[in-house]
Amino acid sequence: MSAARPADPAPQAEARETSGATTALVLEFVRQHAGEAAVEETLRRSGAPFTAAELSRPSTWTSYDTRIRLFTAATEVLGDPGAMFRIGADSLRTGMNASVVVLVRAMGSPRQVYARLPRAVANFTTTSTMEVLRSDATSATLRYRLHEGYAHSRLDCDYARGLISMVPTVFGLPPARVVHEECESSGAPACVYLLSWDRRSRWSRRRGNAPSADPELTALRAQVRSLQEAATDLVDGGDLGTVLRRIVDRAASAVLAPAYLLAVSAPQGGAPLVHSSGLDPDEVPLLVARLLAGDDLGPGAVTVDVASARRTHGRLAALRRPGEGGLGDERAMLAAYAGHAAAALDLVLALEDSRSEARRAGALLDLAHELASAAEPREICAVVAGALPGIVGCGSSGVLLWDPADAVLRASACAGLPPEQEAVLRAATLRAGDVPEVFGILTDREPRVISATGASAPMRDLLAALLLTDVVAVPLLAGTTFLGVVTASWSDGEVSQALDADVVARLRGVGDQASTALQKARLLETVRHQASHDALTGLPNRLLFRERLVGALAAVAPSGSVGVLFCDLDRFKAVNDTLGHAAGDELLRQVSARLRAAVRPGDTVGRLSGDEFAVLLPRLGSPSDAQAVVGRVAAAFAEPFRLDGIPVPVGTSTGVAVHTGPGDDPSATAERLLREADAAMYRHKHRDRPPARAPRTSD
């Protein structure tokens, strides 16, 4: 299975410069203060290329321009010039990411948070840089600068001031006081914020407030709820691909970062399944290799295993640029989320296995029904080859039948191969003497797992021409009789389950059904042959001869002719009486061989009864053309037959009847032709061997 990498949530034209953690706060503040209609109006005025739901997800990143348009629209809709400061300052109440609150609280004091804040700015925006110019226990000076190429907005500055003022509130303190006299909007090279906050008092440490008002407890509850919702959301994804995409999308609920990378093992083997967000597609393959190898992805990366109690599925990483980081021990937060993701994957894979088994059972049932109605070996092979991919899980399949006369395997049917490769397989003849794998399976009658890297030269060349790397071949056996093989194969870039005993067992089960169906078809073919052919000579009997005659009359062209030639052996009774019935039987076999050699390709020689033979001439240009066949038949009896080493001359009496053009009733015409040819032969036999008369015609 090849690696999958869905597109990022945002359109490619939208730069990833603002985290959804910011846009979510703006929309929630508008919703709480002005209602849902105000949210829709804000989106309309901003022209944001996202829905409210998308902008409320931390994993959705927008451009700086979209952010400023959204800030402007929210300010206008609320009718409050100071709205952006209030949105930032009120963020703890209106929906600040719970993981951020937990990490902030774990740092112990506002001073520690402000010292760490510059490294965490990239979690929210990639267009600005912050640095700490000075800090002590109750004050700090921060410098905030917009990168070159962006037009500074005072609204962005207001939001930043409000956001940094709320840090002390996480610790149960009043908001920080912010003095802002230098601003880029006023021509200053950067925005400078002078912060001061209250020292933690005895009263604040007593935690006398109600637990529900404690920001840390509220955030922890929100984080647990978020993880539970994430697990439910992941399981609700249904198919594996959707679940993997959601794991990446929901990772931002645990750790804010500009980019994420997930790589998990494919359930059926093969290349890992890869999903990413916020990464250049060209970077992904190398990052995946390093992630799965356990390499360090840099100081800005947070990597964890996606593992449950049952199995390790793969690894998940939140990625930042070098020098950028989070607010604390984000690895624990991401690991907790990855644990829920792994549990969801356990359930989804179990469901996938259940669905696969159900599909496989349905395919086996369909196979049994189709084989019950298939009568011809070629039809049986086509049914089996078509069913194998769904039952075994292979990319392509085939059925090759054994030709004991030539000691070769030949493809009878295949499925899943492109037309060019299918033509190669159908043209291939695998001789037991030339291909060791065929000789081996013919000798021990055991399944073979054939890999291109370890195959014999002829098999390796064939696999290369078929673009295959792995093949499992299981013999088709009817008792001790070798009928052929069924194969399941995988193409380059995939890793087969060939070594999985379950796959071989399923392939064997299909092979047993195929063997039974082929044996039944061959038995039916034998019965049909016996019912329509003479047991002694193998020639068509009267029933089959008449059937072919009717068919020839039905298909004759308006100017074409169909002829019937009757032959009766002279002195056949004398051979039986003199040399015995065994010699008579041998004579009949030799006569049938000479007649088949004398007629044209497409003509039918039949034994109608006793020593009476007939030749069907389905394509005569004119009635007189039958005379040439009569001459060749007569010449076939010129040389004596050798019976028990004794030369025995045997003659023949012949009669011919010809019909020209289509008739109204081919069946009635066939009966008439048979009678006329028989009568002509009888006249010939009793005229003391005169030359054969010219053919009679009937129109």
Side-chain angles (χ1 to χ4, degrees), residues 374 376-389 392 394-492 496 498-499 503-504 507-508 510-523 525-526 529 538:
E376 300 295 332
R378 187 171 297 277
E379 182 184 2
I380 291 169
C381 293
V383 168
V384 171
L388 275 173
V392 178
C394 55
S396 56
S397 59
V399 181
L400 291 82
L401 296 183
W402 176 246
D403 182 348
D406 295 334
V408 299
L409 276 174
R410 293 190 179 92
S412 177
C414 58
L417 288 176
E420 184 177 346
Q421 278 66 50
E422 180 175 343
V424 170
L425 179 60
R426 289 187 179 277
T429 54
L430 303 179
R431 297 187 179 278
D434 299 334
V435 184
E437 290 84 358
V438 175
F439 181 80
I441 202 169
L442 182 64
T443 302
D444 60 26
R445 312 295 174 89
E446 290 296 325
R448 283 288 189 283
V449 178
I450 304 169
S451 175
T453 56
S456 63
M459 182 61 70
R460 187 169 58 248
D461 292 344
L462 178 60
L463 293 180
L466 298 176
L467 305 180
L468 299 176
T469 56
D470 299 280
V471 174
V472 184
V474 169
L476 298 174
L477 301 172
T480 60
T481 303
F482 180 68
L483 304 179
V485 296
V486 290
T487 65
S489 45
W490 288 261
S491 60
D492 191 23
S496 76
L499 298 178
V503 170
V504 176
L507 197 56
R508 264 183 156 159
V510 173
D512 289 343
Q513 291 191 59
S515 297
T516 301
L518 285 171
Q519 190 176 23
K520 182 184 72 174
R522 291 188 175 189
L523 179 60
E525 187 177 355
T526 299
H529 188 274

[X] [atom1] to [Y] [atom2] distance, which is reported to the nearest 0.5 Å:
X: Ile450; Y: Leu468; atom1: CD1; atom2: CG; answer: 11.0 Å
X: Leu476; Y: Leu400; atom1: CG; atom2: CG; answer: 9.0 Å
X: Leu401; Y: Leu518; atom1: CG; atom2: CG; answer: 6.0 Å
X: Gln513; Y: Ile380; atom1: CD; atom2: CD1; answer: 11.5 Å
X: Ser515; Y: Lys520; atom1: OG; atom2: NZ; answer: 13.0 Å
X: Arg431; Y: Arg410; atom1: CZ; atom2: CZ; answer: 7.0 Å

Ignoring hydrogens, what is the shortest heavy-atom contact between [X] and [Y]? Give both atom names and the distance.
X: Arg508; Y: Pro447; result: NH2-CD, 3.2 Å
X: Ala432; Y: Val438; result: CA-CG1, 3.9 Å
X: Ser412; Y: Arg426; result: O-NH1, 3.1 Å
X: Leu466; Y: Gln421; result: CD2-O, 3.2 Å

side-chain contact (heavy atoms from CB on, under 4.5 Å) involving Ser397 - partner list, sequence neighbours excluded:
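Checked Ser397 against side-chain contact (heavy atoms from CB on, under 4.5 Å); matches are Ala385, Leu388, Pro389, Cys394, Ala415.
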Using the side chain to side chain contact (heavy atoms under 4.5 Å, CB included) rule, pick out the option among Ile441, Val486, Leu442 that qualifies with Pro475.
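The side chain to side chain contact (heavy atoms under 4.5 Å, CB included) with Pro475 is passed solely by Ile441 among Ile441, Val486, Leu442.
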Picking from Val485, Val474, Asp512, what satisfies side chain to side chain contact (heavy atoms under 4.5 Å, CB included) with Leu507?
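That would be Val474.
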Does the side chain of [X] reach to within under 4.5 Å of the side chain of [Y], using non-hydrogen atoms?
X: Met459; Y: Leu463; value: yes
X: Trp402; Y: Leu483; value: no
X: Val472; Y: Val392; value: no
X: Leu477; Y: Phe482; value: yes
X: Leu462; Y: Val424; value: yes

According to the ring pair (Phe, Tyr, Trp, His ring centres under 6.0 Å) rule, which pairs have a member within residues 409-451, sequence neighbours left out?
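Non-adjacent pairs meeting ring pair (Phe, Tyr, Trp, His ring centres under 6.0 Å): zero.
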Applying ring pair (Phe, Tyr, Trp, His ring centres under 6.0 Å), which residue pairs with at least one partner in residues 410-434 are found, sequence neighbours left out?
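Qualifying pairs, neighbours excluded: none.
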Short question: side chain of [X], backbone of [Y] - any donor-acceptor pair under 3.5 Å?
X: Glu422; Y: Cys414; answer: no
X: Asp444; Y: Glu446; answer: yes
X: Arg448; Y: Ala473; answer: no

State, without any angle test, whether Ser489 and Thr487 hold a side-chain donor-acceptor pair at a distance under 3.5 Å.
no
Candidate pair Val435 and Leu409, rule side chain to side chain contact (heavy atoms under 4.5 Å, CB included), full reasoning:
CA-CA 10 Å; Val435 184; Leu409 276 174; over 6 Å; no
